[in-house]
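These numbers come from the heavy atoms of this one structure, side chains and all, not from hydrogens, waters or symmetry mates. So you know, we letter chains A, B, ... as the sequences are listed, proteins then strands, and number each from 1.
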Number of protein chains: 2
Amino acid sequence: MSKQLTVLEPEVCCAPLATATVPAEAAADLALAFKALGDPVRLQLLSMIASADGGEACVCDLTPAFDLTGPTISHHLKVLREAGLVESDRRGTWVWYRANRPRMASLSAVLDIAPTA
Amino acid sequence: MSKQLTVLEPEVCCAPLATATVPAEAAADLALAFKALGDPVRLQLLSMIASADGGEACVCDLTPAFDLTGPTISHHLKVLREAGLVESDRRGTWVWYRANRPRMASLSAVLDIAPTA
DNA sequence: ATCGTTTATCGGCGATAGGCGATGATGTTG
DNA sequence: CAACATCATCGCCTATCGCCGATAAACGAT
């Protein structure tokens, strides 16, 4: 929603992990994102959001997909938000989430394996 | 999608997160790996190992790079091992670690963003 | 066999994370 | 306005995490 605090530095780094030692500051930011992905519920939430039709998913559609309470889902969404993986947008009664695709792409690139090692 | 079918998977699936909702079992395995990456020290350890000359790194070279004790580094390496991200190999006095590149590639693929959404 | 070196495991401690119910903030509708 | 619905935040509890010192296990050298 109107969470004015978003990732100020979206593109933190992209050097593949296997090509050079990641600096400490970059490691902190990357670890924050990977930690957010390190939970089955959040992983499914992100996949539901990213694969949703139109690229957006309403919380009202996400919550009933789990055997968890509303506050818990809201908490997980907050973690994903603060990790810069999703963005939210309140439209009327409902809140819609969409994936931050550049962020995901950057994480994917970090894990990418160089063709020749 | 292209006709690139990967025959040998290390553990689990590889369907990009943004194309379909990830099943619960796959989410558990993926979350385990991402959780292992969700720590700055482990992220740097993996990058040091993966980018090391010859693709291998000795614990004796890893430990002094951090302001942490031996047991703590050993613990982090164990987490990476149990997540399937690295493999270890004792050769004489020292233990050498190398990255599990297929595993990393599979995680990278999961976060990959489809060209057209 | 005994020592020194390297790495892993064990036990414990403080900090963090995931879960819930209760409450609050926001928006729609009657 | 009041009543309702949706979603977020708060407080609390338990479980897990990250860290250390102490100890054990594996190996080479003496």
Is Thr93(A) touching bases, backbone alone, or none of the nucleic acid, heavy atoms closer than 4.0 Å?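 Sugar-phosphate contact only.
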
Base, sugar-phosphate, or nothing for Tyr97(B), non-hydrogen atoms under 4.0 angstrom?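 Sugar-phosphate contact only - Tyr97(B) comes under 4.0 Å of backbone atoms but never of a base.
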
Is the phosphate of [N] approached by [X] (side-chain N or O, under 4.0 Å from OP1 or OP2)?
X: Arg42(B); N: dG18(D); answer: yes
X: Lys35(A); N: dA17(C); answer: yes
X: Thr69(B); N: dC19(D); answer: no

In whole angstrom, what separates [X]'s [atom1] from [N]'s [atom2]?
X: Leu43(B); N: dC17(D); atom1: CG; atom2: C1'; answer: 17 Å
X: Ile73(B); N: dT7(C); atom1: CD1; atom2: C1'; answer: 12 Å
X: Asp61(A); N: dC7(D); atom1: CG; atom2: P; answer: 9 Å
X: Leu37(B); N: dC17(D); atom1: CG; atom2: P; answer: 15 Å
X: Arg91(B); N: dT7(C); atom1: CZ; atom2: P; answer: 12 Å
X: His76(A); N: dA8(D); atom1: NE2; atom2: P; answer: 13 Å
X: His75(B); N: dT16(D); atom1: NE2; atom2: P; answer: 14 Å
X: Lys78(B); N: dA25(D); atom1: NZ; atom2: P; answer: 15 Å

Closer than 3.5 angstrom, by distance alone: can the side chain of [X] be matched with the main-chain N or O of [Y] as a donor-acceptor pair?
X: Ser74(B); Y: Pro71(B); answer: no
X: Arg101(B); Y: Ala50(B); answer: yes
X: Thr72(B); Y: Leu68(B); answer: no

Tell me which of Asp39(A) and Gly70(B) sits closer to the 5' end of DNA chain C, going by the nucleotide each one is nearest to.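 Between the two, 5'-proximity favours Gly70(B).
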
Nearest-neighbour nucleotide for the [X] side chain, [options] considered:
X: Pro71(B); options: dC19(D), dA22(D), dT9(D); value: dA22(D)
X: Val95(B); options: dC19(D), dG18(C), dA8(C); value: dA8(C)
X: Arg90(B); options: dC20(D), dC27(D), dG19(C); value: dC27(D)
X: Thr72(B); options: dA8(D), dT6(C), dC19(D); value: dC19(D)

At what distance, to the nearest 0.5 angstrom, does CG of Asn100(A) lie from CD1 of Ile113(B)?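 Reported to 0.5 Å precision, the distance equals 9.0 Å.
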
What I want to check is whether the side chains of Ser108(A) and Ser108(B) have a donor and an acceptor closer together than 3.5 Å.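 On atom types as modelled, these side chains qualify, holding a pair under 3.5 Å.
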
